[in-house]
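Quick note: numbers below take in every heavy atom, side chains included, and nothing from hydrogens, waters or symmetry partners.
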Amino acid sequence: MAQSYLVRTDSVKTFPDGSVRARSAYVANVLVKTPGAEEFTLQLGIGGNEAAVPAAEPPVSEKEFTALVADAIERASTR
């Protein structure tokens, strides 16, 4: 892995009727360098469904998402 970042985004919508909905997601962008010196970008994202505020949470924890990203990097860098 040459570079990476992991971001959690939280978005909130307010509708004309005054109701409020929120959605949370994780996004990772990783610049992967293979043993053969090739470089490519790996992008991985996961988001939850919209929910009433403040209940919106991503469908997995940050720790679980980080583990998914690490597994994807491992698999991609050995190809």
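For Thr14, the side-chain contact (heavy atoms from CB on, under 4.5 Å) partners two or more places apart in sequence, or in a different chain, are Val20. Under the side-chain contact (heavy atoms from CB on, under 4.5 Å) criterion, Ala25 pairs with Thr9, not counting sequence neighbours. Residues forming a side-chain contact (heavy atoms from CB on, under 4.5 Å) with Val27 (at least two apart in sequence, or on another chain): Asn29. Residues forming a side chain to side chain donor-acceptor pair (under 3.5 Å) with Ser61 (at least two apart in sequence, or on another chain): Glu64.
In summary, Lys13 and Glu50 engage in a salt bridge, as defined by a charged side-chain N under 4.0 Å from a carboxylate O.
The shortest distance between side-chain heavy atoms of Pro58 and Ile46 does not fall below 4.5 Å.
Residue Gly48 comes nearest to Pro59 through the heavy atom pair N-CD, 3.4 Å, listed as atom of the first residue, atom of the second, then distance. Shortest non-hydrogen contact noted between Arg8 and Ser24 is NH2-OG, 3.3 Å.
Residue pairs that meet the ring pair (Phe, Tyr, Trp, His ring centres under 6.0 Å) test with at least one member in residues 17-48, sequence neighbours left out, are Tyr26-Phe65.
Note that CG of Leu68 and CD1 of Ile73 are 11.0 Å apart. Values are rounded to the nearest 0.5 Å.
Using a 4.5 Å cut-off between side-chain heavy atoms of Ile, Leu, Val, Met, Phe, Trp and Tyr, Tyr5 falls into a hydrophobic cluster with Val7.
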